[in-house]
There are 2 protein chains.
Amino acid sequence: MTKPVVPDFRRTLTLRDVSEASGVSEMTVSRVLRNRGDVSDTTRERVLEAARRLGYVPNKIAGALASQRVNLVGVIIPSLSNMVFPEVMTGISDVLEDTGLQPVVGVTNYLPEREESVIYEMLSWRPSGLILAGLEHSEASQAMLAQAGVPVVEIMDIDGTPVDSAVGISHRRAGRQMAEAIVAAGYRRIAFLGTQMPNDHRAKKRLAGFEEALAREGLALADREFYSGGSALLKGREMTEAVLKRSPDVDFLYYSNDMIGAGGLLYCLAQGIDVPGRVGLAGFNGVELLDGLPRRLATMDACRLDIGRLAAEIIAGKRPDGIVGGEIIELSPTLQPGDTIRKV
Amino acid sequence: MTKPVVPDFRRTLTLRDVSEASGVSEMTVSRVLRNRGDVSDTTRERVLEAARRLGYVPNKIAGALASQRVNLVGVIIPSLSNMVFPEVMTGISDVLEDTGLQPVVGVTNYLPEREESVIYEMLSWRPSGLILAGLEHSEASQAMLAQAGVPVVEIMDIDGTPVDSAVGISHRRAGRQMAEAIVAAGYRRIAFLGTQMPNDHRAKKRLAGFEEALAREGLALADREFYSGGSALLKGREMTEAVLKRSPDVDFLYYSNDMIGAGGLLYCLAQGIDVPGRVGLAGFNGVELLDGLPRRLATMDACRLDIGRLAAEIIAGKRPDGIVGGEIIELSPTLQPGDTIRKV
DNA sequence: ATCTGTTATGTTACCGCTAACAGCCAGATC
DNA sequence: GATCTGGCTGTTAGCGGTAACATAACAGAT
């Protein structure tokens, strides 16, 4: 309603401004700024000088619309505070760095409906590819991904059917392997401590594989405890205390992630409990944090860096043999026994 | 060179496709999909049905170009693995959630030249605003930000001159306050342990403020130790060991962040060192992780959630009194004495 | 019957850039 | 001298939407 006090005299700059300032056509300016096509050195210099002097920043929106090319890769993850995704991101960035592609992160907070809208939002920018965590998505999400017309890589997990490509580990198998190692070390009264999150499918699969392997040995979980929210380290302490009080005869604690496992380890050490003699412990992920603990927690690394790398390579079309899509890459996590499982 | 094996029969969908499928003009479809302007209920239904059936996802690139409006906010931070930025992001997302704006994250790895290119890249998408960590930027970066023509909020720090708005704490003052508390508790032989990072200006300012306050009391740092890279928790242990061996008479360890502080605390406890009697400890940030430690490390929270919130409010034009730009908001971090400083 | 206002829809002209193609000109070739 | 290069630059026509401005259809008021 009120007239603007400050007139907007500084219109946003366009190619035309640079073109006028340097006395060549817009097309030539465009060519210079993108390093595409032949331009004489003198012209190039003049254009660059003008662009720099004016402080011109190209408008990628217009560029993308005209060229039908967008140098963005959507990366959709459940959470940033997880300690696991930063490393995946590092792998992705490493590979994309010299491809001209740029990752753009979206966070879903483990909510399928949130994921749906993030996918929609991302696709509406017509990215060159999509990387997203997990194989479980709403029907609408699946439909969008299938229609997207760009490479889609589902990461972290391979127990299921991907829309297009997948890079990850089998969490089911990871759970089995850990159970086998624990049983082999002579533990028998085993408890599980983990997240409550109904949508953390990977944790759920690990537990399923774990119980499956126990069953095969004629064993069942002796106890189980769940949490949600709050400081994972603290929750680990609290849950550990609760389980050990409730089931004093438990001799092994299997945690769904390293953070709560670390909390449990600190609790046991503080209580003077003999680890791994009286109680054994194991987590999952292989997070860097563990290196600083008084004792090395048994864990299983989830190949996060490699997962990021490979996913990015698929998007960037860098896979050997020029494989184009529909690739499923299973990585093998390695068990790191640390100091919290008895040696056999 | 080779002909594509699979013909691209599934062209990408446009408004025209939906328009034809529903028998109305493109404009009407556009109105329906954006919920703007009056459209009859029957038409709306028909359009939505067609859009859903076709799996149409609007092209925001074209939309943004035509409307000169981009619902993105660039957020530029030095690192994801820091534990400090996820919380800032949470604050930002909370506020932006119901404004139609969407955060887009860029990471600089503490490299000014990398920051420069991230800023350039972001501005080339003409976002509605920019939030970036710190007040120190290359000249070229400053120029771009000043020219950007959108709100720019520099966060975390207010010791310096912002380009436009700033929300943060005074790290210099935070350092001073901590030093005063330490001296007041009777400690005299104080050591500093921190990051080597030449570009972590905030850590540097904390140290400067810290030394300044010590000097005012006639004191100087008894020792100092720096690190770079690796697991912060582990580095904290190692540095602490090094310092205590080298300078056995040191009675306080001031860490530049909570993670290395936690490492130091674990080391001291494992060594049976009397904390806070023989040695006092303090960190910085107030990270959630600390809640799970055997003893509560003294720290200073950096108001990360509030910083994110306020920055987002400025971008979204939600500040009370309709303040528009050039706002500088200083928050006051609170000292959390924990259990690692002697009570006076 | 005409006027007015409201609601629902369509038309037109861009937004800022790039693909594709069309010139132009100096020097080489025949 | 005519033709043919190949390097450099310009012209034209969109890309897929949306703002702004018609227009149409119809109810109620005059």
Side-chain angles (χ1 to χ4, degrees), chain A residues 8 10-48 50-51 54-72 100 120-121 123-128 149, chain B residues 8 11-48 50-51 54-72 100 121 123-128 149:
Chain A
D8 192 357
R10 203 176 60 199
R11 304 173 308 96
T12 76
L13 296 166
T14 72
L15 270 190
R16 155 160 256 102
D17 296 292
V18 183
S19 135
E20 283 169 359
S22 55
V24 298
S25 71
E26 300 176 34
M27 195 58 224
T28 300
V29 176
S30 169
R31 280 195 269 255
V32 170
L33 295 177
R34 286 178 301 145
N35 265 322
R36 211 166 296 268
D38 301 316
V39 179
S40 74
D41 287 345
T42 52
T43 308
R44 174 185 311 282
E45 268 320 305
R46 228 154 16 113
V47 169
L48 285 176
L54 295 174
Y56 173 72
V57 177
N59 185 330
K60 286 223 172 160
I61 297 180
L65 184 60
S67 68
Q68 303 283 57
R69 233 179 314 226
V70 180
N71 67 336
L72 300 177
Y120 187 81
E121 194 76 14
L123 288 180
S124 74
W125 288 100
R126 302 289 188 268
S128 297
Chain B
D8 192 356
R11 301 175 310 96
T12 76
L13 295 166
T14 72
L15 270 190
R16 154 160 257 104
D17 296 293
V18 183
S19 135
E20 282 170 0
S22 55
V24 297
S25 72
E26 301 175 32
M27 195 60 224
T28 299
V29 177
S30 170
R31 279 195 270 256
V32 170
L33 296 178
R34 285 178 301 146
N35 266 319
R36 212 167 293 268
D38 301 315
V39 180
S40 75
D41 287 345
T42 51
T43 308
R44 174 184 311 283
E45 268 320 305
R46 225 148 24 107
V47 168
L48 286 176
L54 295 174
Y56 173 73
V57 177
N59 185 332
K60 286 224 170 159
I61 297 180
L65 183 61
S67 68
Q68 303 282 57
R69 232 178 315 226
V70 180
N71 67 336
L72 300 176
E121 195 74 15
L123 287 181
S124 74
W125 287 101
R126 302 290 188 267
S128 296

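If you're wondering where the values come from, they're calculated on a predicted model, not measured in any experiment. In what follows, every chain begins at residue 1, and chains take the letters A, B, ... in the order their sequences are listed.
Rounded to an integer number of Å, the gap from B:M27 CE to D:dT23 C1' is 15 Å. As rounded to whole Å, 19 Å separates atom P of D:dG10 from atom CZ of A:R36. Spacing between atom CG of A:D38 and atom C1' of D:dT5 amounts to 14 Å, rounded to whole angstrom units. One interatomic measurement links the two molecules: CG of B:D41 to C1' of C:dA8, which rounds to 12 Å at whole-angstrom precision. A straight line from CD of A:E20 to P of D:dG10 spans 13 Å, rounded to a whole angstrom. Atom pair A:L65:CG and C:dC15:C1' shows a separation of 9 Å (rounding to whole Å applied). Between the CG atom of B:L13 and the P atom of D:dG17 there is a distance of 9 Å, rounded to whole Å. With rounding to whole Å, A:L33 atom CG is found 8 Å from C:dT18 atom P.
Contact of B:R31 with C:dG10 (side chain to base): a donor-acceptor pair of N or O atoms is detected under 3.5 Å. On a pure distance criterion of 3.5 Å, no polar donor-acceptor pair joins the side chain of B:R126 and the base of C:dG16.
Here the side chain of B:L15 is nearest to one of C:dG10, C:dC17, D:dG17, namely D:dG17. Side-chain proximity of A:T28 to C:dG16, D:dG10, D:dA19: nearest is D:dG10.
For the pair A:S40 and D:dC8, the criterion of a side-chain N or O lying under 4.0 Å from OP1 or OP2 is not met. The side chain of A:Y56 places an N or O atom within less than 4.0 Å of a non-bridging phosphate oxygen (OP1 or OP2) of C:dC17. For D:dG16, the OP1/OP2 oxygens have a side-chain nitrogen or oxygen of A:Q68 closer than 4.0 Å. The phosphate of C:dA8 has neither OP1 nor OP2 within less than 4.0 Å of any side-chain N or O from B:R44. Taking side-chain N and O atoms only, B:S25 has a distance below 4.0 Å to OP1 or OP2 of C:dG10.
Both A:A66 and A:T43 sit near DNA chain D, but only A:T43 has its closest nucleotide nearer the 5' end. Each of B:G37 and A:T14 was assigned the nucleotide of DNA chain C with the nearest heavy atom; the assignment lying further toward the 5' end belongs to B:G37. Mapping B:V39 and B:A62 onto DNA chain C by nearest heavy atom places B:V39 closer to the 5' end of the strand.
Side-chain contact between B:E121 and A:K60 is present, with heavy atoms from C-beta onward closer than 4.5 Å. B:R31 has its side chain out of reach of B:R44: every pair of non-hydrogen atoms, C-beta onward, lies at least 4.5 Å apart. Contact of the A:V32 side chain with the A:V29 side chain is not registered, since no non-hydrogen atoms from C-beta on lie closer than 4.5 Å.
Residue contacts for B:R34: at a heavy-atom cut-off of 4.0 Å it reaches the sugar-phosphate backbone alone, with no base atom in range. Within the 4.0 angstrom heavy-atom criterion, only backbone atoms of the sugar-phosphate kind lie near B:N59; the bases stay farther away.
Residues A:T28 and A:V39 approach most closely at CG2-CG1, 4.3 Å, considering heavy atoms.
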Test log, rule side-chain contact (heavy atoms from CB on, under 4.5 Å), inputs A:Y56 and A:V47: CA-CA 11 Å; A:Y56 173 72; A:V47 169; over 6 Å; no

Begin with the C-alpha distance, continue with both residues' side-chain angles, and end with the deciding distance and a verdict on side-chain contact (heavy atoms from CB on, under 4.5 Å) for B:L15 and B:L33. CA-CA 10 Å; B:L15 270 190; B:L33 296 178; 4.3 Å; yes

